[in-house]
Every structure is written in structure tokens, then in C-alpha cells.
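Below you'll find the structure, written out as C-alpha cells, and then a few comments.
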Amino acid sequence: MKYDKNFDADAVLRTVEVLSRQHAEGTPEDAALRVCAAALLYVRDDLKKLEEFREFFRKITTPAREGIQIAHTFATRAEAEEWLASGAAKDGQLLRVAGQGFTVIDHGPKGLKLVRIPLPEELPPHKPGK
């Protein structure tokens with residue numbers, strides 16, 4: 001499931017209210033839902049706090065692989081090098097070149113260079129506990 005970082009705070013509060021009716025007052029579930037609602041109310045009315053919370057929410061709910069932003073995709077290394085030489089590249093951009101990951105690095109007087117960096121899909125699956 002993909003979470004909406006731009007969630008409607010009022011809709012979430014209405015859902016929490018519906019859920020709270022399913023639990024008797026004073027139960028651990030009732031208490032937990034009240035805390036969640038209070039936390040959301042605390043940030044809801046302050047736009048800065050709400051945006052900070054949305055960014056925090058995005059960070060903890062978006063898998064790392066979804067957070068990776070590929071700036072450009074090229075079929076060949078030659079195409080990527082041509083683009084790099086055009087002056088359109090910026091330091092730190094991530095590229096997919098012939099299915100492999102590269103990042104643009106600024107080497108000062110030597111100019112920009114492509115450096116190999118694996119994309120998430122190129123890495124072996126994570127094995128918990130290792």
C-alpha cells in the first residue's frame with residue numbers, strides 16, 4: 001500500500017473517531033486512539049507543524065527504493081556522456097544508463113564525471129539479521 005503524504009487531517013480525525021466508538025472508554029485501544037487524535041490536532045492547525053509532520057510521515061512510510069529519484073535514463077553510456085558534456089548535468093544527479101545506476105560527480109577543474117553507483121533494483125535482496 002502506498003501512503004498519501006498529503007493526507008486530509010480532518011478525514012483522518014473522522015476515521016479515528018469512528019474507530020474509537022468501537023472501543024469502550026478507558027481501554028488501552030481507546031487511550032491510544034485519543035493520543036493519536038490529540039497529536040494530529042496539535043499539528044493540524046499550524047501549517048508549519050503539519051508540513052513538518054507530513055515530511056516525517058513520508059520518510060517513515062516511503063520505502064527507500066521509492067525515495068530514489070532518477071534524473072535521466074539513457075540507453076547507452078555514450079548518450080549519457082554526450083548529455084554530460086552538453087552542460088545540462090548537475091552534481092549529485094542519479095542516472096540510469098543501460099539499466100545501471102550512475103551519479104554525476106563534480107571533479108572541480110576536471111569537470112563533471114559519471115561514477116557507477118548501483119540502483120536499489122541492482123542490489124541483492126535484504127536478508128534480515130545479517
Side-chain angles (χ1 to χ4, degrees):
M1 176 176 185
K2 191 166 187 168
Y3 294 96
D4 179 8
K5 75 169 185 151
N6 295 312
F7 60 87
D8 178 338
D10 291 323
V12 173
L13 286 166
R14 286 190 298 274
T15 301
V16 170
E17 181 182 0
V18 168
L19 291 171
S20 71
R21 290 184 198 141
Q22 298 172 11
H23 301 283
E25 191 171 329
T27 63
E29 294 83 1
D30 174 60
L33 289 167
R34 286 177 188 267
V35 169
C36 291
L40 189 53
L41 283 169
Y42 179 75
V43 300
R44 181 193 66 179
D45 294 329
D46 182 327
L47 187 58
K48 183 176 184 244
K49 286 180 185 173
L50 182 58
E51 290 309 311
E52 287 172 359
F53 179 75
R54 284 185 167 145
E55 179 60 18
F56 170 76
F57 182 72
R58 183 198 62 78
K59 285 179 183 176
I60 66 169
T61 59
T62 303
R65 122 179 298 170
E66 288 182 21
I68 304 258
Q69 299 294 319
I70 305 292
H72 296 281
T73 299
F74 300 96
T76 66
R77 175 78 185 244
E79 288 177 14
E81 292 288 352
E82 184 178 317
W83 171 80
L84 190 69
S86 76
K90 294 183 181 129
D91 183 52
Q93 285 182 305
L94 187 61
L95 313 175
R96 179 177 286 116
V97 180
Q100 295 183 321
F102 287 83
T103 189
V104 176
I105 302 293
D106 186 349
H107 276 266
K110 293 182 181 179
L112 299 174
K113 178 180 176 181
L114 294 180
V115 175
R116 178 79 169 94
I117 182 168
L119 297 171
E121 61 265 23
E122 294 178 75
L123 299 173
H126 174 69
K127 294 180 182 170
K130 293 192 175 190

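This is a predicted model, so every value here is computed, not measured.
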Give, for atom [atom1] of [X] and atom [atom2] of [Y], the distance between the pair rounded to the nearest 0.5 Å.
X	Y	atom1	atom2	result
Q100	L114	CD	CG	11.5 Å
L13	L33	CG	CG	11.5 Å
L95	E79	CG	CD	12.0 Å
L41	D46	CG	CG	13.0 Å
T15	D8	OG1	CG	9.0 Å

Do [X] and [Y] belong together in a cluster built from hydrophobic side chains that touch within less than 4.5 Å?
X	Y	answer
V97	I105	no
V43	F56	yes
L119	F102	no

Sequence-distant partners of [X], salt bridge (Lys or Arg N to Asp or Glu O under 4.0 Å), two or more places apart:
X	result
K110	none
D106	none
E51	R54
E81	R77

Side-chain donor or acceptor of T103 paired with backbone N/O of L94 under 3.5 Å: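 Pair absent, no side-chain N/O of T103 close to backbone of L94.
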Salt bridge (charged side-chain N to carboxylate O under 4.0 Å, His left out): pairs with one or both residues in residues 82-100, sequence neighbours excluded: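 For residues 82-100, and leaving out neighbouring residues, the salt bridge (charged side-chain N to carboxylate O under 4.0 Å, His left out) pairs sorted by first residue read R96-E121.
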Residue pairs, two or more places apart or on separate chains, that pass salt bridge (charged side-chain N to carboxylate O under 4.0 Å, His left out) and touch residues 21-40: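 Listed by first then second residue: E17-R21, D30-R34.
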Looking only at heavy atoms, what is the nearest atom pair of [X] and [Y], with distance?
X	Y	result
A88	Q93	O-OE1, 4.2 Å
A75	A98	O-CB, 3.3 Å
V16	A37	CG1-CB, 4.0 Å
R44	A9	CG-CB, 3.8 Å

Pairwise side-chain contact, L40 with F7, heavy-atom cut-off 4.5 Å (strictly under):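 Yes, at least one pair of side-chain atoms sits under 4.5 Å.
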Contact check, side chains of Y42 and F53, non-hydrogen atoms, under 4.5 Å: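 SC-SC contact between Y42 and F53 ruled out.
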